[in-house]
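Taking it in order: structure first as structure tokens, then the write-up.
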Protein chains: 2
Amino acid sequence: MFSKACEYGLRATIYIAEQSLSGRKTSLKEIAGSIASPESFTSKILQQLSRSEIIHSDKGPTGGFSMNPHQLETVKLSSIVAAIDGDHIYKGCGLGLEQCNEKKPCPLHDQFKGIRDELKSMLETTSVKELALGLKGGLTMLKR
Amino acid sequence: MFSKACEYGLRATIYIAEQSLSGRKTSLKEIAGSIASPESFTSKILQQLSRSEIIHSDKGPTGGFSMNPHQLETVKLSSIVAAIDGDHIYKGCGLGLEQCNEKKPCPLHDQFKGIRDELKSMLETTSVKELALGLKGGLTMLKR
DNA sequence: ATAATAATGGATAAATTTATCCATTATTAT
DNA sequence: ATAATAATGGATAAATTTATCCATTATTAT
């Protein structure tokens, strides 16, 4: 479904959000450890997310990754997926056709449309914050 | 969503089914031309589908690819996806966790479950034959 | 038997994704 | 100023996916 990079990106962002909700910055090392992802690869992904202004980063000692109140309030899963994998997964044709629409549909169009639209709307309405709250409350897990 | 190989495999199988419904065998060349896929790569995919007994192949002149009545009646999209990409896409965790279930869910589990299950059930209930009929009736397209 | 035809299978190559390493930059505390 | 710390960015490498080429095998018609 999502690329490895995107899976790590989603897990990392949810973890950073959870820490930010508790008023803590977190380091690359801590993130990678907490979401069971390769550290250096995760670093590249965090850079992307930071450039896309989905998360915030500070250099130097006491530095680390965090999300500011505005980011915590506004970031939806769709922004993360779009920043890493692009929006093809929730906008494109299931059979990979360039032009596939109501007028010239692929054979799977009708059956696929509902699922793709549901995925799209789920990603666009689900906030990182709400997922971070479930994690904070100990209801959900990010590794293993 | 699906790999390129899987997209080509789905398109090719639907095309072969359409031809079989009209009582025609079809060649690799014709298939690749009709679904706009690279010929040699498509050949590898057809071999996989043939080994998985999703389609039938005959060598020699008058040879080609086809689906027998039993295949036309029974093959669902899920078998094709499973044969090429595996079943991770409609069975696995959205965030890529090994262990993610009701007891130990990932943060996205509840939101993702519905979509994944709907995708699973769509793939398991949609037959290649019904899609081939839409194609045969000129209602749907397989290239571009 | 022979020639023609179409799938098969093996060896590679190109492209992309996943991953690592390390010097550099920014920042903090002393 | 200096040392310590943590993110950044560039250069690569490993793995996987996508793709090509071509000799071989099976089959058909003559």
Side-chain angles (χ1 to χ4, degrees), chain A residues 1-13 15-16 19-20 24-67 81 83-86 88-89 95-96, chain B residues 1-13 15-16 19-20 24-67 81 83-86 88-89 95-96:
Chain A
M1 184 79 82
F2 305 118
S3 68
K4 274 288 157 201
C6 191
E7 288 175 357
Y8 297 151
L10 288 164
R11 304 220 297 267
T13 307
Y15 180 76
I16 293 166
Q19 294 301 303
S20 287
R24 284 190 291 272
K25 277 183 195 169
T26 173
S27 68
L28 167 62
K29 211 174 201 92
E30 192 182 320
I31 295 167
S34 304
I35 67 170
S37 68
E39 200 173 310
S40 307
F41 189 40
T42 304
S43 165
K44 296 299 185 196
I45 299 160
L46 293 175
Q47 282 172 44
Q48 273 186 74
L49 294 173
S50 183
R51 278 187 232 108
S52 305
E53 308 203 68
I54 287 166
I55 59 175
H56 178 83
S57 75
D58 287 297
K59 284 183 165 187
T62 79
F65 296 91
S66 60
M67 289 180 80
V81 173
I84 301 176
D85 280 351
H88 191 81
I89 192 181
L95 298 186
Chain B
M1 181 81 81
F2 305 119
S3 68
K4 274 288 158 200
C6 191
E7 289 175 356
Y8 297 151
L10 289 163
R11 305 220 297 266
T13 306
Y15 179 75
I16 293 166
Q19 295 300 303
S20 287
R24 285 191 291 273
K25 274 183 194 169
T26 174
S27 68
L28 167 63
K29 212 175 202 89
E30 192 182 319
I31 294 167
S34 305
I35 68 171
S37 68
E39 201 174 306
S40 307
F41 189 38
T42 304
S43 166
K44 297 299 185 197
I45 298 161
L46 293 175
Q47 284 173 41
Q48 274 186 73
L49 295 174
S50 183
R51 278 187 232 109
S52 304
E53 309 203 67
I54 288 166
I55 58 175
H56 178 83
S57 74
D58 288 297
K59 283 183 164 186
T62 80
F65 296 92
S66 60
M67 290 180 79
V81 173
I84 300 176
D85 280 351
H88 192 82
I89 193 182
L95 297 186

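No experiment lies behind these values; they were computed from the predicted model shown. Chain identifiers are assigned alphabetically (A, B, ...) following the order of the sequence lines, protein sequences preceding nucleic acid strands; residue numbering begins at 1 within each chain.
Nucleotide dT28(C) holds its C1' atom 10 Å from the NZ atom of Lys25(A), rounded to whole Å. Atom CD in Glu30(A) sits roughly 15 Å away from atom C1' in dA7(D) (whole-Å rounding). When rounded to the nearest whole Å, the span between CD1 of Ile89(A) and P of dT17(C) equals 14 Å. The CG atom of Leu49(B) sits 13 Å away from the P atom of dG9(C) (whole-angstrom rounding). Computed from coordinates, the Gln48(A) CD to dG10(D) P distance equals 14 Å when rounded to whole Å. Whole-Å rounding puts the Ile84(B) CD1 to dT16(D) P distance at 19 Å. For the pair Asp58(A) CG and dT8(D) P, the computed distance is 9 Å after rounding to whole Å. In this structure, Ile35(A) atom CD1 and dA19(C) atom P are separated by 11 Å, rounded to whole Å.
Sequence order on DNA chain C of the closest nucleotides to Glu39(A) and Lys59(A) puts Glu39(A) first from the 5' end. Place Cys6(A) and Lys44(B) on DNA chain C by their nearest nucleotides, and Lys44(B) ends up nearer the 5' end. Of the two residues near DNA chain D, Thr62(A) and Arg51(A), the one whose nearest nucleotide lies more 5' is Thr62(A).
Backbone-only engagement by Ser3(B) is indicated by non-hydrogen atom pairs under 4.0 Å involving sugar-phosphate atoms exclusively. Among the protein residues, Ser40(B) comes within range of the nucleic acid bases, having at least one heavy atom under 4.0 Å from a base atom. Contacts of Lys29(B) with the nucleic acid, taken as non-hydrogen atoms under 4.0 Å apart, are absent.
For Phe41(B), the listed nucleotide lying nearest its side chain is dA19(D); candidates were dA19(D), dT18(C), dA7(C).
One finds no side-chain N or O of Gln47(A) lying less than 4.0 angstrom from the OP1 or OP2 phosphate oxygen of dA7(D). Listed pair Tyr8(B) / dA19(D) meets the phosphate criterion, a side-chain N or O lying under 4.0 Å from OP1 or OP2.
When Watson-Crick and G-U wobble pairs are counted only if both distances are under 3.5 Å, dT18(C) pairs with dA13(D). Across the strands present, dT24(D) finds its partner in dA7(C); the criterion is a Watson-Crick or G-U wobble pair with both atom distances under 3.5 angstrom. Nucleotide dA29(D) forms a pair with dT2(C), judged by Watson-Crick or G-U wobble geometry with both contacts under 3.5 Å.
Side-chain contact check for Thr62(B) versus Asp58(B): every heavy-atom pair is 4.5 Å or farther apart.
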For the pair Gln48(A) and Lys44(A), evaluate side chain to side chain contact (heavy atoms under 4.5 Å, CB included) and give the outcome as yes or no after the intermediate values.
CA-CA 7 Å; Gln48(A) 273 186 74; Lys44(A) 296 299 185 196; 5.7 Å; no
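Under a 3.5 Å cut-off, the side chain of Asp85(A) and the backbone N or O of Phe2(A) do not form any donor-acceptor pair. A donor-acceptor contact shorter than 3.5 Å links the side chain of Thr13(A) to the backbone of Gly9(A).
Within 6.0 Å of CD on Glu53(A) lie no more than 12 heavy atoms contributed by other residues, nucleotides or ligands.
The residue from Gln19(A), Arg24(A), His56(A) that alone fulfils the side-chain contact (heavy atoms from CB on, under 4.5 Å) condition with Ser66(A) is His56(A).
Looking at Lys4(A), its side chain has no donor and acceptor atom pair within 3.5 Å of the base of dT18(C).
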